[in-house]
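Everything on this sheet refers to the single structure shown next.
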Amino acid sequence: MTGPLPVTWPPAPVRTARLVLRTSEARDRAAFVELFASPEVGTHIGGSRPREELEGAMPEVPGRRPGLFVVDLGGAMIGVITLDRRDAERPEAGGVELGFMLLPEAWGHGYAAEACAAVLDWLAGERPGEPVALRTRTANDRAMRLAAKLGFTEVERFEEYGAEQWSGVRSPVVPSG
């Protein structure tokens, strides 16, 4: 069963060289709508949603839940990184699943790699030894390269949402000493 991540939430913001990973705020609402309405983003997640539907359904402070980090560049949301509990029946069972979505204008600058690496480091501090899974469409070349860069190895390929999917796992890094 998937569900919330068992960690103390919200954490202090996680800072990288260029980004701040933080909990969502009311000022992020328009960016959340843009993210989920974007046809470019939708290509990789099984489709976008109508903007009007999102405007009506989106809470004042969207994304307020354990495991969801807003990716903030210069005070503006450019995407989200998520950590969710994994279903024990899946081949990459146990641990958590890493997810990420960035607005198209943020693609190609290394922000996803920077943000995902920082969240994985944060998770290693919170839950040492926790295995992490990642799933993406095989047609998403950028996500496939990022998975390899972050140390994920293939567990399976399968058909879902009318496209071939890739599932990988990242072995937990256990601190020495």
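Source: prediction; values computed, not measured. The first residue of the sequence shown is numbered 1, and numbering continues consecutively from there.
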Let me confirm one number: the [atom1]-[atom2] distance from [X] to [Y], rounded to the nearest 0.5 Å.
| X | Y | atom1 | atom2 | value |
| --- | --- | --- | --- | --- |
| Arg51 | Ser38 | CZ | OG | 8.5 Å |
| Met101 | Ile78 | CE | CD1 | 13.0 Å |
| Leu150 | Leu134 | CG | CG | 7.5 Å |

Salt bridge between [X] and [Y], side-chain N to carboxylate O under 4.0 Å?
| X | Y | answer |
| --- | --- | --- |
| Glu55 | Arg29 | yes |
| Arg64 | Glu25 | no |
| Arg22 | Asp28 | yes |

*Connected via hydrophobic side-chain network under 4.5 Å: Val20 and Phe69*: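 No; Phe69 is not reachable from Val20 via cluster members.
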*asked:* Name the residue from Val132, Thr82, Asp84, Leu146 that meets the side chain to side chain contact (heavy atoms under 4.5 Å, CB included) definition with Leu98.
replied: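 The single option meeting the side chain to side chain contact (heavy atoms under 4.5 Å, CB included) with Leu98 is Val132.
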*Only one of Val14, Val80, Asp72 forms a side chain to side chain contact (heavy atoms under 4.5 Å, CB included) with Leu21, so which one is it?*
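Of all the options given, the one that passes is Val14.
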*Can Phe100 and Val71 be said to form a side-chain contact (heavy atoms from CB on, under 4.5 Å), step by step?*
CA-CA 10 Å; Phe100 56 93; Val71 181; over 6 Å; no
Can you find a heavy atom in the side chain of [X] that is under 4.5 Å from one in the side chain of [Y]?
| X | Y | value |
| --- | --- | --- |
| Arg142 | Asn140 | yes |
| Trp9 | Arg65 | no |
| Leu103 | Glu34 | yes |

Scan the side chains in residues 111-123 for donor-acceptor partners under 3.5 Å anywhere in the protein, sequence neighbours excluded, and list what turns up.
from   : atom 1 : to    : atom 2 : distance (Å)
Glu114 : OE1    : Arg18 : NE     : 2.7
Glu114 : OE1    : Arg18 : NH2    : 2.7
Glu114 : OE2    : Thr16 : OG1    : 2.4
Glu114 : OE2    : Arg18 : N      : 2.9

Show the nearest heavy-atom pair for residues [X] and [Y], with the distance to one decimal.
| X | Y | value |
| --- | --- | --- |
| Pro62 | Phe32 | CG-CD1, 3.4 Å |
| Glu130 | Gly95 | OE2-CA, 2.9 Å |
| Gln165 | Glu160 | NE2-O, 3.0 Å |
| Met77 | Val70 | CG-CG1, 3.6 Å |
| Gly75 | Arg27 | O-NH1, 2.5 Å |
| Met144 | Thr138 | CG-O, 3.7 Å |

*Would you find more than 12 non-hydrogen atoms of other residues, nucleotides or ligands less than 6.0 Å from Glu159 atom CD?*
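More than 12 heavy atoms, drawn from other residues, nucleotides or ligands, come within 6.0 Å of this atom.
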*Assess the side chains of Ser167 and Glu156: does a donor N or O sit below 3.5 Å from an acceptor N or O?*
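No, no side-chain donor-acceptor contact under 3.5 Å.
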*Below 6.0 angstrom between ring centroids: does that apply to Phe152 and Trp166?*
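No, they do not, as the ring centres are separated by 6.0 Å or more.
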*Passes side-chain contact (heavy atoms from CB on, under 4.5 Å), Val96 versus Arg85? Steps please.*
CA-CA 4 Å; Val96 298; Arg85 296 296 301 154; 3.7 Å; yes
_Go through it in stages, so that I can follow the logic: the residues are Glu164 and Arg137, the test is side-chain contact (heavy atoms from CB on, under 4.5 Å), and I'd like the CA-CA distance, side-chain angles, deciding distance and then a yes or no._
CA-CA 6 Å; Glu164 184 181 52; Arg137 288 182 173 211; over 6 Å; no
